[in-house]
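Step one of this worksheet: look at the structure below.
Just so it is clear, the structure is predicted and the values come from calculations on it, not from any experiment. In what follows, residues are counted from 1 in the order of the sequence shown.
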Amino acid sequence: MGEYETQSIGIVPDEFVKGYEYITEHICDGAPLKDSLKKLVKYFEEQFESSKASIMLLNETSEHFIDGVTYSLPEGLLNQYYGVKIHDQMGVCGEAVCHKTLAISPNVAEDPAWDEWRHTVDELHIKSCWSLPILRHESDDVIGVLTVYSTDEKEPTERELEVVEAYKALLSLIMNDFFERHNGEVLSKQTEPTLPPKSLSEREKYLFMIRRGLEEGQIRPHYQPIMNQYGEVYGFEVLVRWPHPEQGVIPPNQFIPFAEEEGLIDEIDQYVAEYACGEMKSLIDQTGQRFMLTINVSANHITKRHFIEKLKRTLEKTGFPPSLLAVELTETTLLNDMDDAIFVMDRLRELGVQLWIDDFGTVYSSLNYLKKLPVDVVKLDGSFVREIHQEMVDRTICESIVHLAHNLNLQVVAEGIEDESQLNVLSHMGCEWYQGYYYQKPIHFSDLQDYVQTVNWVTHKGLA
């Protein structure tokens, strides 16, 4: 068996978007994720000539296969692998898992790795096959394999490799969701335990701690600049931080979900928005510059009709110009309750506030739902940007999103920029704005006042 390096992606953005939507169109309607894997297998089979495909899932230690899906092939082909300790002579599947690379068997009849399962491949008239490992998201742990079988003696074509490479990240996301929902202990070992505590008394104490954090000003907005490719400031995103005096810095992903559960998120959103608008209005007065300010709003808060009135009062109280404010919503917010979200978004537009979609591309949704929404900007999720200069699949996803956004007259912000090579790739795609540690980490307002003395500002008609 040989080993190949996957080729550069030749699949065009429009073609990728079409395939993406075909594969994921029913996931948001509650279809089982295993059915989505089967649909992905079906899609691959339609792209490949005289070939059938399967996907197999590993246990948490990657020692043996525990489940799998096929479309045209009999389930019996997979059953024989379950529970068997994986080794690199276990057909192409075993080699792909053990060596974490594409494994190819162009002539099964002459490949000793198939000796143990010779009767099965002979029964199905399989002459060749190849297998690709699927990694856990943002990790090098193998969680499954995609295998393609052919009734001809052949190696994978460049086109077949391009198609699989283009959808490899999507396959990884679907499989990770499968594990998270059906085998939760697998991912729970990879993530930090999150607050809050489970007992009622401990929850009450934690709730009191958050309220005290708000009252004493421990929870404060920080600001990260949004730049153009030349490092000129277009605006700032508000990011909440909680440096607790006794427990150290408490990450937002620990206390925000608890606040949502306990009905405290409205108060936090209101507090942060008012604090940030007040501070940044003073910065506008101090510098004479006009810039965008973006605030993140919880899904539990945005769909409440009183949100608009509270935001309107905040703008009136602080004097911050509505035309310079953008509310960032996640895709999940929109998909959970599209009708209420559209109602609120229309009211925000009437108020003069912009709408931005945050973390775009990370959930299974039709990219074209953007046509229905009064959106100004989409933000590319940093998970796609991180390796965009090295991974062609991430480049394809980003290029597709930028292409679609521009067709809808939307601008694009790329999050998570950490080095110049990422910036160069994205600027070549026509991305307008950038955000990340390459330019500046989130900083406290006291530091921001010094920072703005050292930067140049974007001259933009929308900010004039």
For residues [X] and [Y], is any side-chain donor paired with an opposing acceptor at under 3.5 Å?
X: E155; Y: W130; result: no
X: E153; Y: S128; result: no
X: H406; Y: E432; result: yes
X: Q89; Y: D115; result: no
X: W356; Y: Q354; result: yes
X: Q224; Y: Q435; result: yes
X: S51; Y: E45; result: no

Taking the basic N atoms (NZ, or NE/NH1/NH2) and the acidic carboxylate oxygens, is any pair closer than 4.0 Å for [X] and [Y]?
X: R386; Y: E418; result: no
X: E160; Y: K154; result: yes
X: D376; Y: R349; result: yes

Matching residue for M429 among I388, V412, I401 - test: side chain to side chain contact (heavy atoms under 4.5 Å, CB included):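 Exactly one option meets the side chain to side chain contact (heavy atoms under 4.5 Å, CB included) with M429, and it is I388.
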Test side chain to side chain donor-acceptor pair (under 3.5 Å) applied to E237 and T294, step by step: CA-CA 5 Å; E237 179 182 2; T294 76; 4.8 Å; no
Straight-line distance of Y234 OH to M292 CE, nearest 0.5 Å: 5.0 Å
With sequence neighbours excluded, residues passing salt bridge (charged side-chain N to carboxylate O under 4.0 Å, His left out) with E46: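 With neighbours one apart ignored, the set is K42.
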Centroid-centroid distance, F255 to Y206, less than 6.0 Å: no
Where C431 and V413 come nearest, the two heavy atoms and their spacing: SG-C, 4.3 Å
